[in-house]
4 protein chains.
Amino acid sequence: MFSDQDPIRQQLIEARRNQILDAAASVFAEEGFHRATTKEIASRAGIAEGTIYNYFESKDDLLIGLMSRLAELETLDDELTEALQGDARDFFVAMFRRRVEHMVEGQETLQAILPEVLVNADLRERYYQRYVLRIAEMLEQYVRTRIELGHIRPVDASLATRAVQAMFVGLLVLRILGDETVVERWETLPELLATIIFDGLRAEGGE
Amino acid sequence: MFSDQDPIRQQLIEARRNQILDAAASVFAEEGFHRATTKEIASRAGIAEGTIYNYFESKDDLLIGLMSRLAELETLDDELTEALQGDARDFFVAMFRRRVEHMVEGQETLQAILPEVLVNADLRERYYQRYVLRIAEMLEQYVRTRIELGHIRPVDASLATRAVQAMFVGLLVLRILGDETVVERWETLPELLATIIFDGLRAEGGE
Amino acid sequence: MFSDQDPIRQQLIEARRNQILDAAASVFAEEGFHRATTKEIASRAGIAEGTIYNYFESKDDLLIGLMSRLAELETLDDELTEALQGDARDFFVAMFRRRVEHMVEGQETLQAILPEVLVNADLRERYYQRYVLRIAEMLEQYVRTRIELGHIRPVDASLATRAVQAMFVGLLVLRILGDETVVERWETLPELLATIIFDGLRAEGGE
Amino acid sequence: MFSDQDPIRQQLIEARRNQILDAAASVFAEEGFHRATTKEIASRAGIAEGTIYNYFESKDDLLIGLMSRLAELETLDDELTEALQGDARDFFVAMFRRRVEHMVEGQETLQAILPEVLVNADLRERYYQRYVLRIAEMLEQYVRTRIELGHIRPVDASLATRAVQAMFVGLLVLRILGDETVVERWETLPELLATIIFDGLRAEGGE
DNA sequence: AATGAATGAGTCTTCATTCAT
DNA sequence: CATGAATGAAGACTCATTCAT
């Protein structure tokens, strides 16, 4: 006879949901969404199959749950956007570092979600709007301002932003594909990416 | 009746295989590998379900077939790699243009393959070795030489190569996700990417 | 604490049982026995799912409970049977009116029970013996006596009784099926049935 | 490579559908729709479970299929309606005989359908419209005409029709409930029903 | 007594694959 | 070679029932 607002109950529910999502992320990442069975997810979560359905509507809903958890992680970034006063290159390095760290933390979840997102029109829209587009727009706004300030070349801000974001998505894909170079030198990426994107690959004093 | 080597027969077989692969690519791209049914593939190819199995071992084999066709397309690139004498920036633009065009041509196939590749360990290895790594190594060799020639900054050639390649993979993902900016301004990408990667985003004369 | 015979406790138990049976009748009638869930029954009774099992052995037992309640209602009829002295037609009208009223009162319960009774061998036997056969035999006895008294044609009393009873069962079915004529003119049924069954449809002075 | 209109194929399909419907009727009648499993239906039809789904959309669709088959049987009756010239009582006996025979032929199907129809709103509407109402209206028209001709008392034709139809439905229910009297003396029903309904139970020269 | 989360057996349904024609 | 009906293994999901609190 607890109220629906009962905070203890809410916490238990949240804990159980996370326990299930963790298991789901792990199985989805390993086997892919379709090959993953609810039986295996349940077993990995240490619960019965039916229990999943006390917390999630359907197997699809597990993916949505994973996406939502991921989106929550990202809200932290908003603050970063306000740092316009500092050096542009420093900002890029800092931002790259953030994103690169997030991707490692969230790799399992991303690996669980991404392939299915590419394939499921509903999820695609949802994922794109909540996750990709939101970040793209934040970054785009930043780039646009920096261009106005004369710190950045007057490039197509919208497309340039996508290119940079694409690089991160692509690096995630390479990680998933098991590319050793990317995995092993992951820590050095932020500095390298800043060099490529901000300074350019052209040798200084070249031509 | 005919010998296995009979060239007419070989051609017919090849034609039929392509007909089936086209249908498969189309259904996989729309529905994803798992939601795609052999019934739908057969219907889209205008043949009976059973006929598929006269040309392919299994549904998985269709994916492998698609990957092989894709790999053949790419062999053309090898020649490009030898163009070391020209201007580095021009080379980048030319290469980016090639790749960007290939990606549009092959988008359906790539969209069909990529999500499943991310999810299936066997295909992952196969795809990575034949497709990603081969190109990465070619490009890496090129970059390494350009560095030695002093045309390119002395960056981590291996990782930089991955970053560039990642950008293309990521752009494909953004296309699949339906990003309007990327789709609409696709033609302007090669030049922009060259600017970003080769020249850098830093405003000239800045700081 | 209380003795099992404690009358207060007995009454509380009875009240709770009725509360649950009411909810069950309502859900069974709407959804049918199988589609009805104990969760919904509990919710409609304003109690927890588990509580049902403190008062009933199983979901099946709810149906048995409903049948028993129905049978209790019917015991009133016994008295009627003794009314042999009056006019036969008047008796029929009176009896039809009784039954027709009972059917409306008990419609929800009957609608809940009947479909499952038709389908479940155990219940079928139970329902038939306690409910159908008991009434059939009472009625049959009455008809038989009336025949001996010369008030009624010498028909096959047993089968004629079933035919009359069948009419009521059938009218219930038509109500459940939502027949508008039957529902709207329900009040006029007793008189009409007496006309049909006792007087016959043949026009007077016919032939 | 047969055309969709290919008559041989059409016949094979029809035969298979009937084979499956026969098995379904048999299992539904014994166990009830919900307790019946597709596995059991398949096994009783001598086919694999999956084969059912090559011929029917779903388990529900089997019920609809059974209803349609039943409706086809009934179209024969239409002719009967035109027989207005003969003696009314004779007509009733003939009609009762028809219906009573049909009910035995179709008992299994009716027993399979009826309980679920009482419980499923979609089927209820469908069954009532196609099966109950159609016959009711035919019969009602007949009764109305006979009343105008002065062969039948001026009763509420619509309701009287329902009462008669209800009797048949009720007799089916009593058969399903296993009433021995009804089952054993089934053959004598038409004559008895004519006596009850047309002549009335009142003893001739009574009162 | 009341609760309701956890359970897991049971089922419909899908669909890749086979094979007789 | 082509066909497509038949197959049956596999899996998501439901829900009556239990039992620790």
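Within every chain, numbering begins at 1; the chains are lettered A, B, ... in the order of the sequence lines, protein sequences first and strands thereafter.
Side-chain N or O atoms of B:Q19 include one that pairs as donor or acceptor with a backbone N or O of B:A45 at under 3.5 Å. C:S26 places no side-chain N or O within donor-acceptor distance of the main-chain N or O of C:D22, the cut-off being under 3.5 Å. With hydrogens and angles disregarded, a donor-acceptor distance shorter than 3.5 Å links the side chain of B:R17 to the backbone of B:Y55. Side-chain atoms of C:R124 never come within 3.5 Å of backbone atoms of C:V117 as a donor-acceptor pair (strictly under, hydrogens ignored).
Nearer the 5' end of DNA chain E, as judged by each residue's closest nucleotide, is the contact made by A:Y55, out of A:Y55 and D:F33. Where B:I13 and C:K39 each meet DNA chain F at their nearest nucleotide, the meeting point lying more 5' is that of B:I13.
Atom-to-atom, CD1 of A:I52 to P of F:dG11 comes out at 14 Å; the value is rounded to the nearest Å. Atom CD in A:E40 sits about 11 Å away from atom P in F:dG11, given to the nearest Å. The nearest whole Å value for the distance from the CZ atom in C:R17 to the P atom in E:dA1 is 13 Å. Here F:dA10 presents its C1' atom at 15 Å from CD1 of A:I41, a figure rounded to the nearest Å. In this structure, C:L63 places its CG atom 12 Å from P of F:dA16, rounding to the nearest Å. Spacing between atom CD1 of D:I20 and atom P of E:dT13 amounts to 14 Å, rounded to whole angstrom units.
Under the 4.5 Å side-chain criterion, counting only non-hydrogen atoms from C-beta, C:N54 is not in contact with C:R16.
When distances run from any side-chain atom of A:R9 to the nucleotides F:dT7, E:dG4, E:dA2, the shortest one goes to E:dG4.
In this structure, the separation between OG1 on C:T37 and NZ on C:K59 is 7.5 Å, given to the nearest 0.5 Å.
Looking at heavy-atom distances under 4.0 Å, A:I47 makes contact with sugar-phosphate atoms alone, never a base. Nucleic acid contact class of B:F56 (heavy atoms, under 4.0 Å, all strands): none.
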Could you write out each protein N or O paired with an N or O of nucleotides 13-15 of chain F at a distance under 3.5 Å?
unit_1: F:dC13; atom_1: OP2; unit_2: A:Y53; atom_2: OH; d: 2.8
unit_1: F:dC13; atom_1: OP2; unit_2: A:K59; atom_2: N; d: 2.8
unit_1: F:dC13; atom_1: N4; unit_2: A:E49; atom_2: OE2; d: 3.3

> Dot-bracket for DNA chain F, 5' to 3', with Watson-Crick and G-U pairs under 3.5 Å, [ ] for crossing pairs and | for other-strand pairs: what is it?
Replying inline: .||||||||||||||||||||
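A:T109 and A:R69 share no side-chain donor-acceptor pair at under 3.5 Å. In summary, the side chains of C:Q10 and C:E14 do not present any donor paired with an acceptor at a separation below 3.5 Å, with no hydrogens or angles considered.
Screening B:Q111, B:R35, B:R44 for a side chain to side chain donor-acceptor pair (under 3.5 Å) with B:E30, the sole residue that qualifies is B:R44.
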